Amino acid sequence: MTMTAKITFPELEVCFLLVLLIGADAAHMMSKNCSHIALNSSVLQLGNPLRATLLPRSEACTVDYKDSPIDVVWQLDKDEILRSRYGALNDQVLAVTIPSFNQLKGNLTCSVLHNGSLQLLQWVEVRAGYPPMKPRLLLCKSYWTSFAIQSIVCNWDPGSETHLETNYTLHVSETIGKCAARYLTPKNCTTSRANNSCMVLVSNLVSYHDIWVTAENVLGTEMSNHKCLDGMLIVKFRAPRIIEVTPDAEQNGCLIGQWMMPFEMTDHSTVTFEIQYKALDDERWIQVPLTMINSTVFRLCRLLPYTEYQMKIRCKQKTETSPWSEWSNDKTGITAESVPTQKLQLWRSIETPNPEGIRRVHLMWKPLKITAANGEILGYRVWLHKPELRVHNTSISERFIHLPDGNYRLQVSAYNSVGESPKADIVIPSSKQLGLPSMSHVLAFPNGNNSILVQWEPPSVPTTGYVVEWCAVSEKIACSINWQNVAANVTEVTIQDTIEPMQLYNISVYPIFEDLPGFPSSTQAYSKEGAPRRSPEIRSKQIWKTKVHLEWKELPIDDRKGFIRNYTILYKNRNGKLKSVVINSSEHNCILTDLLPNTEYDVTIVASTDAGSATGYNLAITTKMTDDGEVELFLMCIFLFSLVLTLALIATCIYQRQRIKKHIWPNIPDPANSTLAHWMPKALWQVFPLILRLCPLVLDSSARGNIPSTSTLSKPFTILKYITFIHKSNFVIEVTNFNR
């Protein structure tokens with residue numbers, strides 16, 4: 001059970017509990033708060049020894065530890081101090097010693113140990129640090145805010161950290177002469193270590209001042225060296241003000257500025273000035289000393305012609321200790337024009353001759369940059385030297401000229417209000433001129449959203465340079481040519497002018513041989529590809545029972561937004577699984593096979609670039625029940641089968657006619673061919689001639705014609721017929737005696 005000063009039991013109860021726990025003497029000391037801890041110092045210098053004693057507050061609290069032994073425990077931040085460092089000044093005073101105290105802060109406690117439990121008697125806080133070092137004055141500035149308000153501000157180096165609360169006081173005393181004697185009581189200001197600077201109001205800056213700093217904490221006090229400073233030599237002027245900047249009419253490349261000095265500056269000749277300036281479109285400031293013409297005018301020279309400059313100035317006294325004023329307000333001014341110093345960059349585009357042999361030449365040049373134009377360009381002059389000198393004036397950066405076939409030299413110059421630039425030359429070769437070497441190949445790669453990297457291999461013949469030409473490819477607008485001149489030792493360049501993402505560009509590289517261009521090598525590129533704006537429209541060209549022929553048109557260039565790498569055909573029927581076919585970008589048709597007959601399919605085409613894809617609309621296709629000609633082929637097969645069967649039957653009938661005849665038409669005996677037909681009684685042969693002679697007599701005239709001739713009667717069959725005839729004619733002759 002831990003006892004603290006907050007226990008509110010009656011005194012008798014407290015004493016009774018303490019007697020039970022730690023004995024009567026200790027209980028008497030705690031109940032009466034009879035003891036306290038005394039230190040050799042409550043704030044120590046780091047590394048110094050700490051000595052503490054437990055003392056009674058009065059004689060009534062005195063305990064003889066020799067007669068009444070108590071187990072006392074000393075602790076520093078709850079860590080027990082070695083008992084070898086315990087001691088006693090006498091029988092009534094306990095002590096402890098720490099040889100070297102090396103922490104910034106600690107709690108020292110003295111407790112009583114009874115039955116394994118510590119009971120707190122007293123505690124005290126101990127702090128440590130360092131005394132202040134001698135401060136070092138660094139810089140002092142004076143401010144003349146108004147005639148009534150003048151001040152001096154100094155900063156200093158406080159030295160090493162003390163780890164204790166330390167105050168710094170700046171002392172400023174106005175003196176007689178150069179710090180010979182103090183004129184007034186020193187004025188001061190006090191601050192903590194965190195600031196290291198302070199301001200003191202003074203009554204008169206136009207005098208010398210004795211200045212020093214003192215540092216103080218519980219461990220000691222230090223004072224800096226004294227400085228004797230003229231208040232006006234350390235004054236920080238208010239920023240001057242620039243009123244106007246105009247071109248210098250007497251000297252090219254110079255600007256004249258009008259300015260106003262601050263009121264506390266009495267003589268500009270004793271003051272140093274600096275100027276910062278830069279071209280308006282530049283980011284880097286140039287800082288140089290500035291010489292004033294007088295108290296209201298300054299001149300800045302060595303500037304570029306017809307360039308707008310931004311500038312500001314500052315000032316200080318001509319002493320090393322004097323601080324610079326703040327920068328003035330910014331002002332801009334434009335230098336005067338000068339003659340253009342650079343040639344124009346020329347290029348041309350030559351069309352094939354028309355039937356009359358006239359070629360249309362598109363002559364182009366890049367406008368001069370402002371640093372080379374040295375003024376406002378008023379126009380351009382174009383010289384044509386063949387067949388006679390002709391001069392054309394124009395205000396734009398191109399010219400169309402119609403020339404007969406042949407070699408021509410053209411010159412172009414730019415002019416402003418002051419003069420004319422050097423002439424730039426270009427040769428228009430004849431269409432019959434022998435070909436010059438060409439480039440082997442050109443490569444182009446994306447290099448950001450708005451630039452393309454172009455690389456090439458030089459030709460085998462040394463060149464004097466290259467021209468990289470490019471233009472946007474579109475079906476809606478005409479090609480507008482851009483170009484860039486490149487040195488002969490360069491084999492790659494990044495083009496940026498007019499480059500837009502997702503726009504196709506034709507890029508050509510021309511080798512230049514002594515002002516004559518060789519044949520170019522070309523390629524196409526995008527600075528950044530995107531997904532196609534749309535997918536092509538697909539349609540069915542022919543449909544069969546199990547396949548379909550699809551076709552589509554190539555996407556317009558403006559809808560591609562990148563190189564089309566492939567087309568993907570997606571198709572499925574109502575109950576089937578989605579299938580796909582990938583088609584090369586150079587193909588614009590496809591045949592889908594292995595389809596089900598008489599089945600409806602949904603077909604979609606997807607166009608893809610490296611950056612994305614675009615999906616087209618669904619096309620519904622129904623395959624046929626049968627292919628074209630299948631019915632006719634089936635009927636023809638039936639007809640041919642029937643014909644072959646018929647012919648086979650006919651051939652069989654012919655081949656087996658006797659057998660068939662025997663079964664269908666049995667052979668009936670012919671009496672004429674029988675043996676009876678060839679047999680006749682001998683008596684009949686003897687009577688028969690007589691019968692023939694009698695027949696004409698008894699027959700009517702109509703029947704006589706049917707009587708056979710005697711020449712035919714030699715055949716038995718004829719005789720039989722004749723007998724039959726006689727029978728039909730009711731002519732009966734009884735032959736009774738044939739055998740006679």
Side-chain angles (χ1 to χ4, degrees), residues 138-155 172 174-175 177-179 199 201-209 211 227-280 284-304 307-336:
L138 298 177
L139 179 65
C140 291
K141 306 174 187 177
S142 62
Y143 293 89
W144 200 330
T145 308
S146 67
F147 286 105
I149 302 176
Q150 304 169 42
S151 60
I152 293 177
V153 176
C154 295
N155 58 11
V172 178
E174 186 178 342
T175 65
K178 194 173 182 180
C179 298
M199 181 183 71
L201 294 176
V202 296
S203 57
N204 182 21
L205 283 180
V206 189
S207 64
Y208 281 90
H209 294 79
I211 303 172
K227 277 192 175 183
C228 184
L229 298 174
D230 185 345
M232 288 304 297
L233 293 181
I234 60 173
V235 67
K236 181 177 181 179
F237 292 117
R238 290 189 299 172
R241 188 166 67 90
I242 302 177
I243 301 173
E244 185 182 13
V245 177
T246 57
D248 189 348
E250 299 178 356
Q251 192 172 352
N252 290 335
C254 293
L255 289 172
I256 295 294
Q258 294 183 357
W259 71 291
M260 180 182 294
M261 61 183 183
F263 78 90
E264 64 269 26
M265 185 184 297
T266 57
D267 185 4
H268 76 278
S269 61
T270 62
V271 178
T272 299
F273 294 88
E274 279 188 347
I275 185 169
Q276 271 190 352
Y277 69 94
K278 70 180 184 69
L280 197 60
R284 185 176 61 88
W285 289 90
I286 300 173
Q287 183 170 322
V288 294
L290 178 65
T291 301
M292 295 293 176
I293 298 176
N294 53 46
S295 60
T296 59
V297 177
F298 66 86
R299 176 184 284 120
L300 177 64
C301 292
R302 297 182 180 179
L303 305 177
L304 297 175
T307 302
E308 186 173 8
Y309 286 92
Q310 181 180 359
M311 63 190 67
K312 52 190 175 181
I313 61 175
R314 66 177 182 175
C315 57
K316 70 185 252 342
Q317 293 282 12
K318 291 183 178 180
T319 60
E320 294 183 358
T321 57
S322 176
W324 284 102
S325 70
E326 300 298 328
W327 288 103
S328 70
N329 59 309
D330 290 357
K331 274 292 182 179
T332 59
I334 301 177
T335 52

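This one's a predicted model, so the numbers in the text were calculated from it and none came from an experiment. Quick note: numbers below take in every heavy atom, side chains included, and nothing from hydrogens, waters or symmetry partners.
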### Task
Step through it carefully: locate the ring centre of W324, locate the ring centre of F273, and say whether they are under 6.0 Å apart.
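No.
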
### Message
Tell me which pairs pass salt bridge (Lys or Arg N to Asp or Glu O under 4.0 Å) where either residue lies in residues 318-334, with sequence neighbours left out.
### Response
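As it turns out, the salt bridge (Lys or Arg N to Asp or Glu O under 4.0 Å) pairs with a partner in residues 318-334, which skip direct neighbours, are K236-E326.
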
### Task
Can you tell me which residue pairs pass the salt bridge (Lys or Arg N to Asp or Glu O under 4.0 Å) test with a partner in residues 251-261, sequence neighbours excluded?
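Counting only pairs at least two positions apart or across chains, no salt bridge (Lys or Arg N to Asp or Glu O under 4.0 Å) contact touches residues 251-261.
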
Is the closest side-chain heavy-atom distance between [X] and [Y] below 4.5 Å?
X    : Y    : answer
V202 : S151 : no
I211 : I152 : yes
L229 : H209 : no
K316 : V271 : no
L255 : F298 : no
I243 : W259 : no
Y143 : L205 : no
Y309 : V245 : no

### Query
Between P240 and S325, what is the shortest heavy-atom contact and its length?
CD-OG, 3.8 Å

Would you compute the distance between atom [atom1] of [X] and atom [atom2] of [Y] and round it to the nearest 0.5 angstrom?
X    : Y    : atom1 : atom2 : answer
S207 : M232 : OG    : CE    : 10.5 Å
M261 : R241 : CE    : CZ    : 13.5 Å
R302 : C254 : CZ    : SG    : 9.5 Å
T332 : K278 : OG1   : NZ    : 10.5 Å
L139 : K141 : CG    : NZ    : 5.5 Å
H268 : C315 : NE2   : SG    : 11.5 Å

Any donor-acceptor pair under 3.5 Å linking the side chain of [X] with the backbone of [Y]?
X    : Y    : answer
S328 : A239 : no
Q276 : W285 : no
T175 : Y208 : yes
S322 : T319 : no
Q317 : I234 : no
N329 : I242 : yes

Kindly write out the residues that satisfy side-chain hydrogen bond (donor to acceptor under 3.5 Å, both in side chains) with [X], not counting sequence neighbours, or none if the list is empty.
X    : answer
R299 : D248
E174 : S203
T296 : N294
R314 : E274

### Task
Give the intermediate values and the outcome of side chain to side chain contact (heavy atoms under 4.5 Å, CB included) for residues T335 and L304.
CA-CA 7 Å; T335 52; L304 297 175; 5.6 Å; no

### Message
Pair I275, Q287 - check side chain to side chain contact (heavy atoms under 4.5 Å, CB included), show working.
### Response
CA-CA 6 Å; I275 185 169; Q287 183 170 322; over 6 Å; no

